[in-house]
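Take a look at the structure below.
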Number of protein chains: 2
Amino acid sequence: MKYREFLMLHTLHHAEKGPITGTFMMKELRNHGYKISPGTMYPLLHEMEIKGLLKSRWEVRNKKRVRIYEITKKGKKALEEGRKKVAELCRELLGE
Amino acid sequence: MKYREFLMLHTLHHAEKGPITGTFMMKELRNHGYKISPGTMYPLLHEMEIKGLLKSRWEVRNKKRVRIYEITKKGKKALEEGRKKVAELCRELLGE
DNA sequence: ACACCGATATCGAATTTTGATATTATGGTA
DNA sequence: TACCATAATATCAAAATTCGATATCGGTGT
């Protein structure tokens with residue numbers, strides 16, 4: 001499980017709760033100690049859409065045009081898989 | 001928390017249980033789904049020694065000369081810090 | 001129409017990882 | 001002793017990834 005997968009996992013986690021945008025995710029990740037640059041975030045979201053984990057549409061929010069991403073069925077599956085890996089990681093590093 | 005920090009954390013985790021070597025850690029990480037090349041592993045161990053998280057010595061095992069790494073007091077502290085971060089990660093992604 | 005603002009997109013530079021290859025010491029053989 | 005095979009460690013150029021400054025794009029107010 002590489003770094004980029006963790007970023008995807010976080011993204012899916014938030015997308016599961018509700019629609020997300022690029023700036024929202026950057027702030028959210030920042031709050032959890034992940035300083036992600038736009039040059040990583042936007043291509044990441046795009047890649048996730050290509051992979052079918054998210055689907056996007058344009059929308060106007062706060063008088064700004066933003067791209068809204070929503071999680072797909074495939075994305076939810078990937079999220080569950082990712083959670084299993086994190087659970088394993090916890091068992092491994094934090095004990096049973 | 002970047003990828004390299006996760007690798008360090010895993011390494012400290014194993015070093016806490018007992019002395020480790022480069023090849024041992026590569027195999028161990030492989031078993032947990034992290035495919036690390038020697039070009040990452042050895043410089044990582046060296047960096048960790050420079051940072052004072054591990055200390056090393058040469059030893060002969062199975063008729064081969066290996067570098068043995070042991071965790072230091074500073075390494076144990078770093079391990080605890082890392083575990084806290086993983087625990088946060090789990091709470092965040094897996095729920096309370 | 002125009003300027004400003006903020007979200008998204010882009011891309012060359014900087015950083016990190018890879019993986020093939022080199023180095024090194026050991027044990028065995030002659 | 002000299003030489004070879006083996007395996008662990010070390011190295012480094014190439015590939016992959018991330019950064020971050022800059023560009024683009026559309027909405028809003030004047």
Side-chain angles (χ1 to χ4, degrees), chain A residues 1-12 14-15 18-51 53-71 82 85, chain B residues 1-12 14-15 18-51 53-71 78 82 85 89:
Chain A
M1 199 174 191
K2 300 289 186 187
Y3 185 53
R4 189 158 252 249
E5 291 183 64
F6 271 108
L7 297 183
M8 287 192 185
L9 189 51
H10 269 281
T11 304
L12 288 172
H14 284 288
I20 59 171
T21 69
T23 50
F24 169 77
M25 274 311 301
M26 279 199 284
K27 287 175 191 169
E28 199 62 33
L29 287 169
R30 229 164 254 276
N31 292 341
H32 289 287
Y34 297 84
K35 286 172 194 165
I36 303 305
S37 75
T40 299
M41 191 74 251
Y42 291 106
L44 183 80
L45 289 169
H46 187 251
E47 182 187 339
M48 290 174 75
E49 181 164 25
I50 296 296
K51 288 186 173 176
L53 307 176
L54 300 174
K55 62 175 183 291
S56 76
R57 63 175 193 278
W58 287 105
E59 199 168 291
V60 175
R61 283 188 178 186
N62 302 322
K63 306 176 178 179
K64 292 298 162 194
R65 165 175 153 280
V66 293
R67 191 185 280 280
I68 304 285
Y69 285 94
E70 283 184 38
I71 195 167
K85 287 188 184 178
Chain B
M1 199 172 190
K2 300 289 184 187
Y3 185 53
R4 189 159 254 251
E5 290 182 64
F6 271 108
L7 297 182
M8 286 192 187
L9 189 52
H10 269 280
T11 303
L12 288 172
H14 283 287
I20 59 171
T21 69
T23 50
F24 169 77
M25 274 311 302
M26 279 199 285
K27 287 176 191 167
E28 198 63 33
L29 287 168
R30 230 163 253 275
N31 291 342
H32 289 288
Y34 296 84
K35 287 172 193 166
I36 303 306
S37 74
T40 300
M41 191 75 252
Y42 290 105
L44 183 81
L45 289 169
H46 188 251
E47 181 188 341
M48 290 175 74
E49 181 164 26
I50 296 296
K51 288 186 174 176
L53 306 177
L54 300 174
K55 62 175 184 291
S56 77
R57 63 174 192 278
W58 285 106
E59 200 169 290
V60 175
R61 284 189 178 185
N62 302 322
K63 305 176 179 180
K64 291 298 162 194
R65 165 176 154 281
V66 294
R67 190 185 280 281
I68 305 283
Y69 285 92
E70 283 184 38
I71 194 168
K85 287 187 183 179
L89 179 73

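Each chain gets a letter, A, B and so on, in the order its sequence line appears, and its residues count up from 1.
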*In sequence, state the C-alpha distance, the side-chain angles, and the governing distance for A:Phe6 and B:Phe6, and then conclude on ring-ring contact (aromatic ring centres under 6.0 Å, His included).*
CA-CA 11 Å; A:Phe6 271 108; B:Phe6 271 108; 4.8 Å; yes

Distance in angstrom units between [X] [atom1] and [N] [atom2], rounded:
{"X": "B:Arg57", "N": "D:dT9", "atom1": "CZ", "atom2": "P", "value": "13 Å"}
{"X": "B:Glu47", "N": "D:dA10", "atom1": "CD", "atom2": "P", "value": "14 Å"}
{"X": "B:Tyr42", "N": "D:dC12", "atom1": "OH", "atom2": "C1'", "value": "16 Å"}
{"X": "B:Leu45", "N": "D:dA8", "atom1": "CG", "atom2": "C1'", "value": "12 Å"}
{"X": "B:Glu59", "N": "D:dA8", "atom1": "CD", "atom2": "C1'", "value": "14 Å"}
{"X": "B:Met41", "N": "C:dA20", "atom1": "CE", "atom2": "P", "value": "19 Å"}
{"X": "A:Leu44", "N": "D:dT18", "atom1": "CG", "atom2": "P", "value": "8 Å"}
{"X": "B:Glu5", "N": "C:dT17", "atom1": "CD", "atom2": "C1'", "value": "16 Å"}

_Could you check whether atom NZ of A:Lys51 has more than 12 heavy atoms from other residues, nucleotides or ligands sitting under 6.0 Å from it?_
no

_B:Arg57 side chain reached by B:Glu59 side chain, heavy atoms, under 4.5 Å_ = yes

*Heavy atoms, side chains only, cut-off 4.5 Å: are B:Leu53 and B:Ile71 in contact?*
no

*Backbone N/O of B:His46 and side chain of B:Glu49: donor-acceptor pair under 3.5 Å*: no

*Would you say B:Thr11's side chain and B:Leu7's backbone share a donor-acceptor pair under 3.5 angstrom?*
yes

*Of all heavy-atom pairs between A:Gly22 and A:Tyr42, which one has the smallest distance, and what is that distance?*
CA-CE2, 3.8 Å

*Determine the minimum heavy-atom distance between A:Pro43 and A:Pro38, stating which atoms define it.*
CD-O, 3.5 Å

_Expected output is a numbered-order residue list: members of residues 60-69 of chain A with a heavy atom under 4.0 Å from any atom of DNA chain C. What is it?_
A:Lys64, A:Val66, A:Arg67

*Would you jot down, in residue-number order, the residues of residues 20-36 of chain A having a non-hydrogen atom under 4.0 Å from DNA chain C?*
A:Thr21, A:Gly22, A:Thr23

_side-chain N/O B:Lys2 vs D:dC19 OP1/OP2, d < 4.0 Å_ = yes

*Please state whether the phosphate of D:dC19, meaning OP1 or OP2, lies under 4.0 angstrom from any side-chain nitrogen or oxygen of A:Ser37.*
yes

*How large an angle, rounded to 10°, do the end axes of the helix from C:dA1-D:dT30 to C:dA30-D:dT1 enclose when each is built from five base pairs?*
10°

*Given A:Leu9 and A:Met1, is the side chain to side chain contact (heavy atoms under 4.5 Å, CB included) satisfied, shown in steps?*
CA-CA 10 Å; A:Leu9 189 51; A:Met1 199 174 191; 3.6 Å; yes

*Mutual orientation of the aromatic rings belonging to A:His14 and A:His32 [parallel < 30°, tilted 30-60°, perpendicular > 60°]*: tilted

*CD1-OH distance between B:Ile20 and B:Tyr69, expressed to the nearest 0.5 angstrom*: 8.5 Å

